[in-house]
Each structure stands twice: as structure tokens, then as C-alpha cells.
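Single-structure report; data block below.
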Amino acid sequence: MADLNGTWLGTYWQQGVPSRFEAVFVQSGNALSGSILDDNYLGEAQISGEVNGRSISFTKRYLITSPAPIKYIGTLSENEDYIQGQWNIGARYYGPWEARRSGEDLMAELKTRIQQQIPQATG
């Protein structure tokens with residue numbers, strides 16, 4: 001099963017204008033959740049969706065700025081470091097999006113740091 005856990009950096013286009021974002025995906029089985037922070041006035045959004053093989057789909061809901069839910073669909077690359085797809089708000093607004101796995105794997109870094117800690121002898 002595909003693993004989307006972690007931080008992703010991406011871009012979506014609306015009427016040809018790109019917007020950058022950072023996403024943190026949390027996957028549990030087929031369930032997908034997490035948050036997205038847009039690099040524009042729209043701000044932070046929560047996501048919920050699912051993973052089916054290499055296909056992903058989720059709904060993005062902004063916390064403050066926009067009440068309309070945005071539907072995202074995409075396909076994860078075979079090496080699991082790139083997603084490409086389409087987003088839409090109803091039939092009127094839509095466009096492409098893509099994301100790449102961030103090189104910053106904070107959980108792996110944390111696990112490495114914990115393993116490197118040597119217990120202090122007491123007494």
C-alpha cells in the first residue's frame with residue numbers, strides 16, 4: 001500500500017496562476033488526514049480523504065477564509081515521492097496540482113535522535 005505520511009511541497013494552479021503550499025499528510029490504512037498551509041491569503045486548511053492503491057482523493061476545507069470545500073484527486077508516482085492530479089470546486093473552478101515529498105523527514109530525524117541518545121548512569 002502507498003505511504004503518503006509526511007511533509008509535501010506543492011503547487012496548484014487556478015486560471016493559470018500558481019499558488020504554493022505545504023501539506024502534512026497523515027495516513028492510517030486507507031484513511032488520509034492532515035493540514036495544508038497555502039502561501040497566499042487563504043491560509044491553513046484541513047484535509048480528509050482516502051488512499052486506494054496509488055490513487056488519492058481528499059477534501060480541503062479552509063479554517064477561516066473560504067467555506068467552499070475543494071475536492072482533490074491525484075495519482076502517486078511509483079517511487080512515492082510525487083503526486084499529480086486535479087482539484088475542483090463544483091464544475092466552475094478547477095485546475096491542476098502537484099506535490100513532491102519534502103526532503104525533511106522530521107519523524108525519521110526524531111527516531112534517529114532518540115536512538116542516538118545514551119542513557120545516563122545514575123548512582
Side-chain angles (χ1 to χ4, degrees):
M1 174 183 301
D3 178 8
L4 274 75
N5 285 303
T7 303
W8 295 75
L9 301 176
T11 305
Y12 64 86
W13 289 265
Q14 184 170 2
Q15 298 176 340
V17 178
S19 291
R20 302 278 298 153
F21 64 86
E22 179 180 55
V24 176
F25 291 140
V26 178
Q27 181 180 344
S28 177
N30 287 355
L32 185 64
S33 62
S35 62
I36 293 179
L37 181 61
D38 284 14
D39 189 20
N40 60 31
Y41 72 94
L42 293 169
E44 187 177 0
Q46 295 295 314
I47 65 121
S48 62
E50 66 180 15
V51 179
N52 187 356
R54 291 187 313 137
S55 296
I56 68 169
S57 62
F58 61 87
T59 300
K60 174 178 167 183
R61 288 184 170 80
Y62 287 100
L63 300 182
I64 298 173
T65 55
S66 174
I70 301 118
K71 305 284 187 187
Y72 281 73
I73 59 168
T75 303
L76 182 66
S77 65
E78 285 189 31
N79 64 358
E80 298 187 356
D81 71 348
Y82 178 71
I83 306 168
Q84 186 173 16
Q86 295 286 319
W87 64 268
N88 75 307
I89 304 171
R92 188 166 182 186
Y93 301 102
Y94 56 89
W97 73 281
E98 66 180 21
R100 292 193 182 280
R101 193 179 294 274
S102 174
E104 299 177 19
D105 187 344
L106 300 179
M107 283 307 293
E109 183 179 324
L110 177 62
K111 288 177 184 175
T112 300
R113 286 185 182 185
I114 290 171
Q115 289 172 351
Q116 290 174 348
Q117 290 180 349
I118 299 171
Q120 299 276 332
T122 58

Looking only at heavy atoms, what is the nearest atom pair of Glu22 and Thr7, with distance? OE2-CG2, 3.6 Å
Around atom OH of Tyr94, are there more than 12 heavy atoms from other residues, nucleotides or ligands closer than 6.0 Å? no
Residue list, side chain to side chain contact (heavy atoms under 4.5 Å, CB included) with Ser19, at least two apart or on another chain: Tyr12, Asn40
Between Arg100 and Leu9, is any pair of side-chain heavy atoms under 4.5 Å apart? no
Which value, rounded to the nearest 0.5 Å, describes the distance between Leu42 atom CG and Asp39 atom CG? 11.0 Å
Could I get the full list of side chain to side chain contact (heavy atoms under 4.5 Å, CB included) partners for Ala99, not counting sequence neighbours? Trp8, Phe21, Trp97
Kindly write out the residues that satisfy side-chain hydrogen bond (donor to acceptor under 3.5 Å, both in side chains) with Ser33, not counting sequence neighbours, or none if the list is empty. none
Verify, without hydrogens or angle tests, whether Gln14 (side chain) and Gly16 (backbone) share a donor-acceptor contact under 3.5 angstrom. no
Could you state whether Tyr41 and Ile36 fall into the same hydrophobic cluster, counting links through intermediate Ile, Leu, Val, Met, Phe, Trp or Tyr residues with side-chain heavy atoms under 4.5 angstrom apart? yes
Residue pairs fulfilling salt bridge (Lys or Arg N to Asp or Glu O under 4.0 Å) with at least one residue in residues 80-90, sequence neighbours excluded: none
Could you state the interatomic distance from CZ (Phe58) to CD1 (Ile70), rounded to the nearest 0.5 Å? 9.5 Å
Under 3.5 Å, sequence neighbours excluded: what are the donor-acceptor pairs made by side chains of residues 82-90?
residue	atom	partner	partner atom	Å
Tyr82	OH	Glu98	OE1	2.8
Trp87	NE1	Trp13	O	3.1
Trp87	NE1	Gly95	O	3.4
Asn88	ND2	Gly90	O	2.8

To the closest 0.5 Å, what do you measure between CG (Leu32) and CD1 (Ile47)? 4.0 Å
Sorted by first residue and then second, give each salt bridge (Lys or Arg N to Asp or Glu O under 4.0 Å) pair with at least one member in residues 45-74; sequence neighbours left out. Asp38-Lys60
Output all residues satisfying side chain to side chain contact (heavy atoms under 4.5 Å, CB included) with Asn52, sequence neighbours left out; order by chain, then residue number. none
Please identify each residue that fulfils side-chain hydrogen bond (donor to acceptor under 3.5 Å, both in side chains) with Asp3, with sequence neighbours left out. Asn5
Return the set of residues passing side chain to side chain contact (heavy atoms under 4.5 Å, CB included) with Asn30 (not counting sequence neighbours), or none when no residue passes. Met1
Taking all atoms of both residues into account, what is the closest heavy-atom pair of Ala2 and Gly53, and its distance? CB-O, 3.3 Å
